[in-house]
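Residue indices begin at 1 and follow the sequence shown.
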Amino acid sequence: MMTVQMDTETERVRYNILRLLDELPPEALPMVETFIRFMQANANTAVSTPSRQPIPWLHPSIPVPASSLNNLIGILPDDIEGDALLDTELAYDDV
């Protein structure tokens with residue numbers, strides 16, 4: 001095995017990965033091993049460097065009370081019965 005001198009950034013990333021591994025439950029470790037073996041098998045392919053910027057959620061979940069659904073009651077026509085195909089055909093009959 002080849003000895004590679006690691007820079008401080010690589011050491012920091014390695015430390016963070018090991019810390020995260022210590023926090024995982026034992027039943028999750030086989031999945032991590034599978035992922036590492038996958039990465040080793042594909043080490044010769046071009047891998048983009050991950051961005052250090054956190055990726056913002058595109059569609060964040062916002063908790064709302066169930067009572068907010070009350071505003072939706074009665075906005076659909078009475079002939080809508082829950083059959084998606086039939087309801088779609090009925091919606092386009094007037095077009």
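- Counting heavy atoms from C-beta outward, F38 and T34 have side chains that stay 4.5 Å or more apart.
- The minimum heavy-atom distance between L24 and A28, with the atom names listed, is CD2-CB, 4.3 Å.
- Residue L18 is grouped with residue V13 when hydrophobic side chains (ILVMFWY) are merged at heavy-atom distances under 4.5 angstrom, including chains of intermediate members.
- For the side-chain contact (heavy atoms from CB on, under 4.5 Å) criterion with L69, the lone passing option out of I73, L72, N71 is L72.
- More than 12 heavy atoms of other shown residues, nucleotides or ligands fall within 6.0 angstrom of atom CZ in R19.
- By the 4.0 Å N-to-carboxylate-O rule, R12 lies close enough to E9 to be salt-bridged with it.
- A heavy-atom distance below 4.5 Å is found between the side chains of I36 and Q40.
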